[in-house]
Amino acid sequence: MILDASFPPDPRVENEAVSLVKSGHQVYLFCLKYGDEKVSEIINGIQVKRYKSSKLEFKFSALVYTVPFYTFLMQKKIHQFITETEIEALHIHDIRIAQAVFNANKKFNLPVVLDLHDNMPEVMKLYPHLQKFPGKYIISPKKWKQKEEEFIKKATKVISVSPEFIEILQTRLPSEKEKFILVPNTIRASFFEEYTVDASIIEKYKNKFVILYLGDTHVRRGLQTAISAVEKLKDKIPNIKLVIVGKNTTDVVLKQQVKDLKLHDFVDFEGWQNVALFQSYILSSAVCISPLHRNLQHDVAYANKIFQYMSLGKSLLVSDAIAQKRLIERINSGLVHQEKDVEDFSDKVLKLFSDEKLRTELGENGKNFVRNEFSWEQTSKKLLHLYDNLLN
């Protein structure tokens with residue numbers, strides 16, 4: 001496996017690698033080190049090999065398909081990795097390092113699995129540094145999209161995270177249709193089977209009607225809609241509390257909004273918390289939200305948080321970003337609001353607040369879905385089948 005980042009943490013990479021190890025495969029993970037991390041160690045059966053990198057290299061990675069400097073540096077490290085490990089197949093995590101892998105693999109001609117975690121050319125358009133000079137003029141999402149198609153054509157198999165993303169890729173590249181395999185981001189059963197409740201969190205929110213958000217809090221995740229809704233709802237639900245567990249550099253925008261609306265008593269910014277506390281926050285909540293703005297990335301991706309929410313039996317309120325809307329409506333585990341629509345969001349919260357029976361029913365539907373159909377133990381079976389048959 002090739003990851004151009006430090007490890008850990010990366011839940012998807014770890015989930016895939018651990019499942020393959022448990023299935024009898026040997027997994028070597030190429031990753032980068034920026035400090036004094038061990039050069040080599042075994043983590044949960046994964047044989048981690050770290051290669052020294054620098055902040056300068058990291059900055060050049062954004063320009064990887066503008067100038068070839070990053071690719072040149074990485075392909076030398078990957079060539080060394082392949083030689084030392086004598087591996088039989090390569091698994092690329094996302095496209096930034098893909099050119100370097102294909103270059104390094106010319107001598108070895110190993111089968112290559114391309115794992116597309118995100119619709120990267122579309123995600124890039126949302127980055128602040130691509131909205132202004134100089135990034136706007138030297139980094140081209142169009143070029144990244146062309147490279148993505150080139151790599152799909154070169155790859156032996158292509159893994160992606162949602163049916164919607166695969167539909168888009170198959171429409172763009174009908175000749176490659178048979179390469180695609182769905183391996184969605186889902187949670188391990190241990191998340192809902194093996195956890196400890198933090199009594200202080202339960203106590204803190206026991207008399208509140210908690211609306212919970214977990215994860216990255218970038219403004220494109222839609223929390224401005226939720227905050228505006230709280231201003232409308234606080235008179236109808238006096239004990240309402242929007243609890244935000246996570247962070248992003250754009251939090252200054254959210255906190256200023258709370259200040260301007262005088263909502264300090266109704267919104268808690270908990271910052272980033274240890275994942276071991278997630279279950280306690282979820283169990284303290286009445287409604288869990290994913291108010292994503294719609295865009296070409298959010299329309300084809302599931303946020304992992306929705307499966308965490310559902311696994312513990314909580315009703316959901318999500319925006320109409322296509323992938324999550326389809327899923328929530330299909331299994332009837334929550335309500336859907338129009339993106340960025342404060343009135344619609346507020347109305348749906350009131351509906352859930354006034355109908356505890358509905359909240360329970362929606363929560364049970366989600367819980368049954370995750371526990372019986374959509375845990376990692378179920379959805380990883382296609383990944384295992386792929387590698388059991390790849391060399392054939």
Side-chain angles (χ1 to χ4, degrees), residues 7-23 42-46 161 183-217 221 223 241-248 268-290 302-318 324 327-328 331 333-334 352 356 359-381 383:
F7 181 89
D10 190 309
R12 181 173 177 85
V13 172
E14 185 167 1
N15 280 344
E16 290 185 345
V18 168
S19 293
L20 288 165
V21 169
K22 288 182 176 178
S23 183
I42 297 176
I43 300 176
N44 292 333
I46 309 163
V161 293
V183 182
N185 285 329
T186 50
I187 58 172
R188 289 188 167 277
S190 58
F191 181 84
F192 51 81
E193 291 177 348
E194 303 166 16
Y195 62 90
T196 302
V197 174
D198 187 300
S200 65
I201 295 173
I202 304 295
E203 180 67 21
K204 182 178 180 180
Y205 295 115
K206 69 177 182 181
N207 296 318
K208 302 295 184 182
F209 184 81
V210 171
I211 300 171
L212 177 69
Y213 178 89
L214 284 177
D216 180 10
T217 57
R221 306 287 178 165
L223 285 166
K241 181 75 82 168
L242 173 61
V243 178
I244 300 169
V245 180
K247 68 176 181 178
N248 191 281
D268 282 359
F269 289 96
E270 295 288 280
W272 194 249
Q273 298 290 329
N274 191 305
V275 175
L277 297 176
F278 282 14
Q279 294 91 337
S280 299
Y281 280 105
I282 295 170
L283 292 170
S284 300
S285 69
V287 177
C288 297
I289 63 171
S290 177
Y302 303 129
N304 220 29
K305 64 177 69 67
I306 65 175
F307 305 116
Q308 293 172 333
Y309 298 156
M310 286 193 285
S311 73
L312 295 173
K314 295 299 175 176
S315 56
L316 272 57
L317 176 57
V318 306
Q324 66 179 14
L327 182 71
I328 297 316
I331 61 180
S333 64
L352 292 167
E356 186 176 355
R359 296 202 307 270
T360 301
E361 179 186 328
L362 296 173
E364 283 299 309
N365 290 342
K367 181 178 176 179
N368 291 334
F369 171 70
V370 170
R371 295 187 178 214
N372 297 326
E373 297 179 45
F374 220 63
S375 67
W376 179 257
E377 285 72 14
Q378 298 296 322
T379 59
S380 62
K381 289 178 180 177
L383 173 73

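Atom CD of Glu377 sits in a crowded spot, with more than 12 heavy atoms from other residues, nucleotides or ligands closer than 6.0 Å.
At distances below 3.5 Å, not a single donor-acceptor pair connects side-chain atoms of Arg188 with backbone N or O atoms of Trp376. The backbone N or O of Ala286 lies less than 3.5 Å from a partner atom in the side chain of Ser315, making a donor-acceptor pair. Judged by distance alone, with hydrogens and angles left aside, the side-chain atoms of Tyr309 form a donor-acceptor pair with the main-chain N or O of Leu214 at under 3.5 Å. Remark: the backbone N or O of Asn15 is paired with a side-chain donor or acceptor of Ser19 at under 3.5 angstrom.
The aromatic rings of Phe278 and Trp272 sit perpendicular, their planes meeting at an angle over 60°, well past the 30° parallel limit.
The two atoms that bring Leu352 and Arg359 nearest to each other are O-NH1, 2.7 Å, heavy atoms only. Scanning both residues, Leu312 and Arg371, for their nearest heavy atoms gives CD2-NH2, 4.1 Å. When all heavy atoms of Ser311 and Phe192 are compared, the closest pair comes out as CB-CD2, 3.4 Å. Nearest heavy atoms, Ile202 versus Ser284: CD1-OG, 3.4 Å. Here the closest non-hydrogen pair linking Ile282 and Lys314 is O-CE, 3.1 Å. Residues Lys247 and Thr217 share a closest heavy-atom pair of C-OG1, 2.9 Å.
Considering CG of Leu362 and CD1 of Ile328, their distance stands at 9.5 Å, rounded to 0.5 Å. With values rounded to the nearest 0.5 angstrom, Tyr213 atom OH is found 6.5 Å from Ser290 atom OG. The structure places CE of Met310 at 10.5 Å from CG of Asn365, a figure rounded to the nearest 0.5 Å. Residue Ile187 holds its CD1 atom at 8.0 Å from OG of Ser375, rounded to the nearest 0.5 Å. Expressed to the nearest 0.5 Å, how far CG of Leu383 lies from CD of Glu16 amounts to 5.0 Å.
Counting heavy atoms from C-beta outward, Val183 and Thr379 have side chains that stay 4.5 Å or more apart. Taking the side chain as every heavy atom from C-beta outward, Lys241 and Lys204 never approach each other to under 4.5 Å. Annotation: side chain of Ile211 is not in contact with side chain of Leu317 (no heavy-atom distance under 4.5 Å). Between Asn304 and Arg12, every side-chain heavy-atom pair lies at or beyond the 4.5 Å cut-off.
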Applying side-chain contact (heavy atoms from CB on, under 4.5 Å), run through Ile331 and Phe374 and close with a yes or a no.
CA-CA 11 Å; Ile331 61 180; Phe374 220 63; over 6 Å; no

Residues Leu316, Ile306; criterion side-chain contact (heavy atoms from CB on, under 4.5 Å); working and verdict:
CA-CA 8 Å; Leu316 272 57; Ile306 65 175; 3.8 Å; yes

side-chain contact (heavy atoms from CB on, under 4.5 Å) for Val318 and Leu327? Distances and angles first, verdict last.
CA-CA 10 Å; Val318 306; Leu327 182 71; over 6 Å; no

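With sequence neighbours excluded, the residues forming a side-chain contact (heavy atoms from CB on, under 4.5 Å) with Asp198 are Ser200, Ile201, Leu277, Ser280, listed by chain and number. Listed by chain and residue number, nothing satisfies the ring pair (Phe, Tyr, Trp, His ring centres under 6.0 Å) test with Tyr281 (two or more places apart in sequence, or in another chain). Residues passing the ring pair (Phe, Tyr, Trp, His ring centres under 6.0 Å) test with Tyr195: none are found, sequence neighbours excluded.
Screening Val243, Asp268, Val287 for a side chain to side chain contact (heavy atoms under 4.5 Å, CB included) involving Leu212 leaves a single residue, Val243.
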